[in-house]
Amino acid sequence: MNGVHTTPRAGRRASRHDARDGARTGARTGQGVRPGILSSMRLSQLFFTTLRDDPADAEMPSHRLLVRAGYVRQLGAGIYTLLPLGYRVAKRVEQVIREEMDAIGSQEMEMPVVHPADLWKETGRWYAIGPEMARFKDRGGHDMVLAMTHEEVVADLLRDIVQSYRQLPLMVYHFQTKFRDEPRSRGGLIRVREFVMKDAYTCDVDEAGLDVSYQKQYGAYARIFERLGIGAVAVASDVGMMGGSQAHEFMFLNPAGEDVLVLCEKCGFSSNRQVARTRASEPPAEEPLPLEEVETPGTATIADLAAFLGVDAERTAKAAFFVADGERFVAAIVRGDMEVNETKLVNAIKASTLRAAQVDEIRATGMVPGYASPIGARGALVVVDELVARSSNLVAGANREGYHLRNVNIPRDYTPDLVVDLSSAREGDGCPTCGSPVILRNGIEVGNIFKLGTKYTTALGANYLGEDGLEHPIVMGSYGIGVGRAVACIVEAHHDEKGIAWPAEVAPYAAHIVAIGAVRDPKVAEVADGLHALAAASGREALYDDRDESPGVKFTDAELMGMPLIVTVSPRSLAAGGAEVTVRATGERSVMPLSEVEALLRG
RNA sequence: CGGGGUGUGGCGCAACGGUGGCGCACGUGCUUUGGGAGCACGAGGAUGUGGGUUCGAAUCCCACCGCCCCGACCA
């Protein structure tokens with residue numbers, strides 16, 4: 001019995017063990033839906049609940065809405081359960097990714113979550129990676145790791161399987177759970193510790209081959225984010241701990257994003273601020289003037305100093321101090337109006353970690369915090385921004401409390417160990433390609449692509465025999481997309497004050513059928529049941545609100561949950577000639593004859 | 001790891017030294033059915049954990065744990 005019209009509250013009373021009508025088709029495999037996922041569902045049966053209030057600990061819209069609408073629940077810091085609705089969305093997202101990966105010839109497989117540590121010791125990452133990698137011992141006392149990524153495993157497979165250039169190029173990918181023990185998770189699904197990632201790996205004979213594979217992946221990524229409804233911009237990025245020669249990040253523009261992007265609206269230049277090299281105002285060419293010490297009491301900041309001396313911050317040099325890899329003391333010098341870009345610094349000195357120096361460490365080198373400069377410093381690696389090196393007659397610290405030096409010039413007054421681009425791009429700086437002022441925006445990284453090169457294959461001896469009869473290391477690339485993070489970004493991009501509005505491509509169900517007034521009018525239940533059964537039979541996913549709830553509750557939940565189409569069946573709609581169809585995203589609503597609604601539900 | 005918050009029923013909150021309440025949600029019954037309905041009855045809590053102060057602690061003190069936000073860090 002499907003009894004909405006025969007028994008009040010049928011939805012609530014119905015035993016969950018009842019064999020339902022044809023609408024419940026667990027065995028059916030609809031298009032794009034994997035076996036085991038019901039292609040259609042009654043809300044009276046669904047494992048979910050909606051919340052009237054925002055959860056107190058959720059701030060971002062995606063977090064609030066996904067919890068309120070019954071898609072996810074938090075288990076611990078940065079650890080989430082995907083409830084049936086959320087799991088369906090994740091599967092839809094995965095399917096989009098899968099189709100685009102398959103389309104460029106990438107082969108799906110599955111690699112383990114738990115790895116023997118030996119493999120990670122071989123590449124050195126066992127030692128290089130800090131506490132963000134979870135480690136444990138198995139019962140035999142062997143070191144094991146929870147995988148953060150899978151370069152090691154792929155390279156290990158390559159050395160076993162690939163012998164000849166004839167087996168290349170090759171692209172593989174998988175969806176797998178990663179665990180990264182983040183020092184701080186945040187933002188709901190945006191930054192978590194356990195998450196499913198699609199990671200793909202390309203394997204080529206040489207750099208030229210890698211370029212081709214990289215471009216294929218780049219194209220696939222663009223199509224994926226297009227289909228997912230995430231307006232992601234590709235930006236040049238740092239290669240970081242992954243190593244390699246070139247990398248892009250696909251960024252979803254959002255104020256809550258943790259990365260800062262440098263964008264040029266005129267020519268389309270885009271880069272992560274970590275590596276962006278913009279043009280600042282050039283220093284005037286001047287003849288070096290004699291060095292002169294001036295008393296500057298209480299001017300430990302550039303702003304105070306500039307005001308005290310009546311000069312522009314641009315005419316000063318400032319020093320920032322770091323300790324690299326826990327041992328090397330580094331003095332980084334940039335112009336007073338600019339900031340040190342730590343990524344550029346760490347790359348320039350080929351360090352792997354960088355931390356701010358303590359005051360006593362600074363004093364130990366003979367420098368005076370607030371009045372510091374490399375002049376008279378000892379034991380510090382002096383790294384100078386190229387703009388400072390080109391400037392004449394700057395004001396710098398005198399390494400004496402309350403004093404600065406005027407007319408400091410390189411190399412007359414001190415000798416840098418290194419002159420590099422060291423400053424952080426600023427809003428309004430000149431675009432490196434066209435010169436127009438750049439803008440800064442925050443972004444969330446939803447995908448990344450890296451040219452890895454031979455770092456891992458060399459370490460593991462994953463070589464192939466070339467046409468030339470010689471062994472060469474396989475050239476790899478690595479390509480990731482966080483599935484849960486993508487889901488959250490989709491919600492960020494597709495919601496309003498009422499709730500989520502899923503793009504059709506990723507919606508857990510295509511339509512949300514709402515029956516209103518079924519108790520009073522048996523015809524309503526009959527029609528709604530019929531539409532639901534039809535949708536199910538045609539493999540089109542539909543959600544059917546058969547609960548005995550008031551209209552307000554049903555409408556509110558439907559809008560919160562966000563299926564693309566809301567189909568309302570009520571005495572009123574029947575009197576008007578059919579069912580009312582509301583497009584969730586636009587609010588556009590119209591009464592359509594049942595035959596048309598049926599066609600819609602058939603897909 | 002620093003800084004700031006916060007832990008009370010499924011969710012949101014109140015009670016701030018004297019036997020823990022409210023709204024929503026939940027159960028039962030009746031009424032109600034186009035925008036989070038009404039009435040009645042009802043179930044559900046070692047107030048994060050452990051110490052301490054006190055005649056008496058959800059409340060004050062200490063420690064620990066969890067969670068959130070900012071920063072450091074990180075993909």
Side-chain angles (χ1 to χ4, degrees), chain A residues 4 8-9 12-13 48-60 63-64 67-68 70 73-79 129-133 148-149 151 178-188 190-193 195 197-199 237-242 247-251 256-259 272 274 322 342-343 346 352-356 358 443-450 478-482 484-485 498-499 514-521 524-525 547-560 566 568-576 579-580 582 589 591:
Chain A
V4 170
R9 305 206 164 198
R12 289 181 187 172
R13 279 180 170 173
F48 90 120
T49 187
T50 55
L51 301 175
R52 187 177 297 220
D53 300 306
D54 284 333
D57 58 5
E59 301 218 333
M60 291 188 70
H63 188 194
R64 275 177 21 230
V67 173
R68 273 191 59 205
R73 276 298 163 98
Q74 181 170 2
L75 181 61
I79 305 178
I129 297 177
E132 62 269 27
M133 182 158 72
M148 303 172 63
T149 175
E151 283 80 10
K178 316 286 180 194
F179 185 83
R180 298 182 185 179
D181 195 357
E182 285 297 323
R184 188 182 153 213
S185 54
R186 69 188 90 182
I190 295 293
R191 178 160 160 170
V192 294
R193 297 194 295 167
F195 57 99
M197 172 179 266
K198 182 287 300 179
D199 38 326
S237 68
D238 184 42
V239 294
M241 60 163 273
M242 302 290 288
H248 286 87
E249 291 164 337
F250 286 78
M251 292 286 188
E258 300 179 73
D259 285 281
N272 193 306
Q274 292 178 323
F322 302 91
E342 294 187 26
T343 303
V346 81
S352 58
T353 66
L354 202 64
R355 67 167 170 82
Q358 319 262 322
I444 297 169
E445 183 186 344
V446 283
N448 58 50
I449 58 179
F450 284 97
S478 161
Y479 313 83
I481 296 176
R485 185 179 282 188
K498 291 175 174 173
V514 178
I516 300 292
V519 176
R520 174 156 293 179
D521 186 349
V524 168
R547 298 174 301 172
D548 179 30
E549 289 288 354
S550 68
V553 171
K554 292 189 173 193
F555 290 135
T556 308
D557 276 351
E559 284 155 347
L560 178 61
I566 300 171
T568 306
V569 181
S570 68
R572 187 196 288 183
S573 80
L574 293 176
E580 182 182 79
T582 305
R589 106 182 19 182
V591 176

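These numbers were taken from a predicted model, which means no experiment stands behind them. Below, chains carry the letters A, B, ... as their sequence lines are ordered, and counting in each starts from 1.
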Which is more 5' along RNA chain B, the nucleotide nearest A:His63 or the one nearest A:Arg589? Just name the residue.
A:Arg589

Judged by nearest nucleotide, the residue sitting upstream toward the 5' end of RNA chain B, A:Thr568 or A:Ser550, is A:Thr568

Per [X] side chain, nearest of listed nucleotides [options]:
| X | options | value |
| --- | --- | --- |
| A:Ala77 | B:rC73, B:rC26, B:rC67 | B:rC67 |
| A:Thr50 | B:rG36, B:rC73, B:rG35 | B:rG36 |
| A:Val519 | B:rU33, B:rG36, B:rC26 | B:rU33 |

What about A:Glu258: does its side chain form a donor-acceptor pair under 3.5 Å with the base of B:rG71?
no

When you measure only distances, ignoring hydrogens and angles, does the side chain of A:Arg572 come within 3.5 Å of the base of B:rG35 through a donor and an acceptor?
no

Taking side chain to side chain contact (heavy atoms under 4.5 Å, CB included) as the test, write out the residues that go with [X], two or more places apart.
| X | result |
| --- | --- |
| A:Glu59 | none |
| A:Arg193 | A:Ala77, A:Ile79, A:Phe179, A:Asp181, A:Glu182, A:Ser185 |
| A:Val192 | A:Tyr80, A:Phe195 |
| A:Ala579 | A:Val567, A:Val569, A:Leu594, A:Val597 |

Starting at atom [atom1] of [X], determine the distance to atom [atom2] of [N], rounded to an integer number of angstrom.
| X | N | atom1 | atom2 | result |
| --- | --- | --- | --- | --- |
| A:Leu560 | B:rG35 | CG | P | 18 Å |
| A:Asp521 | B:rU32 | CG | P | 15 Å |
| A:Ile516 | B:rA37 | CD1 | C1' | 13 Å |
| A:Met148 | B:rC73 | CE | C1' | 12 Å |
| A:Lys498 | B:rG35 | NZ | P | 13 Å |

With sequence neighbours left out, what residues match A:Tyr479 under ring-ring contact (aromatic ring centres under 6.0 Å, His included)?
none

Looking at every strand, decide which applies to [X] at a 4.0 Å heavy-atom threshold: base, sugar-phosphate, or nothing.
| X | result |
| --- | --- |
| A:Val192 | base |
| A:Glu182 | base |
| A:Arg186 | base |
| A:Gly76 | sugar-phosphate |
| A:Glu580 | base |
| A:Gly70 | nothing |
| A:Gln274 | nothing |
| A:Arg193 | nothing |

Enter the distance from A:His63:NE2 to A:Gln74:CD here, rounded to the nearest 0.5 Å.
5.5 Å

Check the interface with nucleotides 7-12 of chain B: list each N/O to N/O pair with the protein under 3.5 Å, or write none.
{"from": "B:rG12", "atom 1": "OP1", "to": "A:Ala56", "atom 2": "N", "distance (Å)": "3.0"}

Would you measure the distance from the C1' atom in B:rU6 across to the matching atom in B:rU59 and give it in whole Å?
16 Å

For [X], check side-chain hydrogen bond (donor to acceptor under 3.5 Å, both in side chains) against everything at least two apart and list the hits.
| X | value |
| --- | --- |
| A:Arg589 | none |
| A:Lys554 | none |
| A:Asp53 | none |
| A:Thr50 | A:Asp557 |

Which dot-bracket string describes RNA chain B (Watson-Crick N1-N3 plus N6-O4 or O6-N4, or G-U N1-O2 and O6-N3, all under 3.5 Å; [ ] crossing; | other strand)?
(((((((..((((....[..)))).((((((.....)))))).....(((((..]....))))))))))))....

I want to verify the glycosidic state of B:rA46; is it syn or anti under the 90° rule?
syn

Write down the protein N/O and nucleotide N/O pairs, taken from nucleotides 2-4 of chain B, whose separation is under 3.5 Å; answer none if there are no such pairs.
none

